[in-house]
Amino acid sequence: MALITHMNTPSSHNNFMNYSYFSNILPDYFHSKIMISSSNDPSSASSLYSAGKSNTFNLFNFLSEIQMIELLLAVVVFIVIHCLRQKKHQGLPNWPFVGMLPSLIVGIQGNMYEWISEVLHRQNGTFTFKGPWFTNLNCVVTSDPRNLEYLLKTRFPNFPKGDYFRSTVRDLLGDGIFNADDEIWVKQRKTASLEFHSAKFRKMTTDSLLELVHARLLPVLEDSVEKSCTIDLQDILLRLTFDNVCMIAFGVDPGCLSPGLPDIPFARAFEAATEATIMRFVTPTLIWKAMRFLDLGSEGKLKESIKGVDDFADGVIRARKKELSLDETKHRSDLLTVFVGMKDEEGRPFSDKFLRDICVNFILAGRDTSSVALSWFFWLLDKNPEVEERILAEICEIVSEREGEEVTGNDFVFRPEEVKKMDYLQAALSEALRLYPSVPVDHKEVLEDDKFPDGTVLKKGTKVVYAIYAMGRMEEIWGKDCREFKPDRWLRDRRFISESAYKFTAFNGGPRLCLGKDFAYYQMKFAAASILLRYRVAVVENHRVVPKMALTMYMKYGLKVKLFRRDTSQIQKYLKGKKYY
Ligand code: HEM
């Protein structure tokens, strides 16, 4: 030890003082050399001399190795400081090899959408996420309304859904509207748009909704009141909109929302297929492709559930074609019937596979978006009873205008023109969608090199994520009270005023604006008003409400509520000159 302590060098002094520390961390190789050099066996002078020489040599080696370690440590410290300082410029630390992945892993442990909003807030609305080297996780994330307008409208053709998205969801969605670009998309969009605006289609959608709400939803709710039990309102609303959209797409009612809330194989297969498809977005492409080849894990489940969806679709398509050949479809106005009667460019009828894709895509689009929006709406009402009071007042004021009719609780049905007049209710639903958009993030791909209005350079093939959830919480758009639930921000002179689609992007914007937007508002208003007129919806105390990480903003643990019948006097005070039973 003495020998070592004599040999001080400016850079090594402090380290040698702490030999015991180093002896713990240095490899055995160093350790044995130190032990040799510190031995003081006096038996041989020459051996002492040669030992001294070799000791000096070993020590020299050791010192240079120590310096290497110091150098390495210095490099590591430099990289750590450099990466952490990048947080200031790039929003997140960017590490060698793994990029920003560690921050993402930490971020998704909590509320991922809040985490994205916070990073975007720090970065003035746009940042570039760098994934691990050799992966395809790199993307530009934005919530800047100028970029949104550029992306969704101004340069729409340069930002398609893209190959990555299309190949990931192809097994489930095929060439349907949600998963199509270019001509295939244009054709479906035009046909569906014509149909969505036809009087026959509108009547079919409102009639089917009325039937579902009055014959199925309200009885199920009433049953829970009679039994005084708690229910998962999100599950019930999901069943309602699933049945409703199947009637719109296929002209068939699967019966998910029925007494006893039965398990419906088609609905189960659809749900499982969607969940397994989402898994592909968090699994490296090579791995899920290998799993698909071997029928393993979620890929095995996906194949099985897609078969369940296909079997159901095939049965309906075959039956509809038969009806068409017998000229028995005149009473029908669902999408399948419209597309079955059409021909492609070569004058041939569409293939069964393409018909299946069209219907499956519409079901996906309209299946859960309105129901999760309604779930967040009822949860927000529970926290804001003054808003609930005002909705009730508005509903009652509107029905008070009916000539010579009384309002009888259970049989009372809102008319379409009354639903349209419910501006405050529409404002409250929009406010819920602003804070909890059903599609919290969406994405596009860059076709050719481009540049956002905020200066962000976009290289061909880059993925662009637009953070709809974060946009609803931007002070620059909504003001200082952006996190508060205030339906009044949507009203001028008691009339609902819509906001630019590039600031309120819950329904997307530009040529790919949600096709079902008007119907969705009607559906949500009709269902909400029908429930609120009859019941107070109380969220079960301490029930945990957090978003689930999925394509749609589900509540992770559902929405556990208890319903209470409305007190007649509560309604009566708002009904001018009418009687409420
Ligand atoms: C609150 C309810 C709803 C919300 C928030 C909503 C939101 C959206 C969003 C964000 C998109 C763009 C998705 C994308 O391209 O990646 C979209 C597209 C679409 N939505 Fe909705 N939607 C709702 C209800 C509905 C309903 C009830 C239907 C049908 C009955 C529907 C039909 C569609 C269709 C067909 C598209 C594809 C449009 C296209 O790509 O050209 N939506 N919707």
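Counting starts at 1 for both ligands and their atoms, following the listed order.
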Is the distance between the ring centroids of [Y] and [X] under 6.0 Å?
X      : Y      : answer
Tyr466 : His443 : no
Trp288 : Phe281 : no
Phe312 : Phe250 : yes

Specify the protein heavy atom at minimum distance from [atom]: its residue, its atom name, and the distance to 0.1 Å.
atom                    : result
atom 23 (C) of ligand 1 : Thr369 OG1, 3.3 Å
atom 26 (C) of ligand 1 : Gly366 CA, 3.6 Å
atom 36 (C) of ligand 1 : Phe178 CE1, 3.8 Å
atom 22 (N) of ligand 1 : Cys514 SG, 3.1 Å
atom 33 (C) of ligand 1 : Ala365 CB, 3.4 Å
atom 4 (C) of ligand 1  : Phe507 CE2, 3.5 Å
atom 38 (C) of ligand 1 : Arg189 NH1, 3.3 Å
atom 13 (C) of ligand 1 : Asp442 OD2, 3.4 Å

salt_bridge([X], [Y]) N-O dist < 4.0 Å:
X      : Y      : answer
Lys301 : Glu275 : no
Glu499 : Arg489 : no
Asp481 : Lys486 : yes
Lys560 : Asp235 : no
Asp449 : Lys459 : yes

**OP:** Count the heavy atoms of every other residue, nucleotide or ligand shown that sit under 6.0 Å from NZ of Lys503, and state whether that count exceeds 12.
**Re:**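 Incorrect, the count does not exceed 12.
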
Original post:
More than 12 foreign heavy atoms under 6.0 Å from NZ of Lys200: is that the case here?
Top reply: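 Yes, the 6.0 Å shell around NZ holds more than 12 heavy atoms from other groups.
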
Original post:
Phe378 and Ala528: which non-hydrogen atoms are nearest, and at how many Å?
Top reply: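 Shortest heavy-atom separation between Phe378 and Ala528 comes out as CZ-CA, 4.1 Å.
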
**OP:** Could you tell me which non-hydrogen atom of His543 sits nearest to which non-hydrogen atom of Tyr557, and how far apart they are?
**Re:**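 Looking at all heavy atoms of both residues, the closest pair is CE1-O, 3.2 Å.
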
Does [X] approach ligand 1 within less than 4.0 angstrom via side chain, backbone, both or neither, non-hydrogen atoms only?
X      : answer
Val439 : side chain
Asn508 : both
Lys161 : side chain

**OP:** Compute the shortest N/O to N/O distance between Arg512 and ligand 1 and return yes if it is under 3.5 Å, no if not.
**Re:**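 N/O-N/O distance below 3.5 Å exists for this pair.
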
**OP:** Could you say whether the N/O atoms of Ser370 and ligand 1 ever approach to under 3.5 Å?
**Re:**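 The answer is no, given that Ser370 and ligand 1 share no N or O pair closer than 3.5 Å.
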
Can you list the ligand 1 atoms lying under 4.0 Å from a non-hydrogen atom of [X]?
X      : value
Ser438 : 5 (C)
Ala520 : 2 (C), 24 (C)
Phe362 : 35 (C)
Ala506 : 5 (C), 7 (C), 10 (C)
Trp185 : 39 (C), 40 (O), 41 (O)

**OP:** Report the member of Phe196, Phe377, Phe165, Tyr436 with the shortest heavy-atom distance to atom 29 (C) of ligand 1.
**Re:**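 Answer by nearest heavy atom: Phe196.
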
**OP:** Could you tell me if any non-hydrogen atom of Tyr521 lies under 4.0 Å from any atom of ligand 1?
**Re:**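 For ligand 1, residue contact (heavy atoms, under 4.0 Å) with Tyr521 is absent.
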
Subject >> Close approach of Lys517 to ligand 1, heavy atoms, under 4.0 angstrom >> reply: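 So Lys517 does not count as touching ligand 1.
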
Subject >> Quiz item: cation-pi between Lys153 and Phe156, 6.0 Å / 45° >> reply: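 Ring-cation test returns no.
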
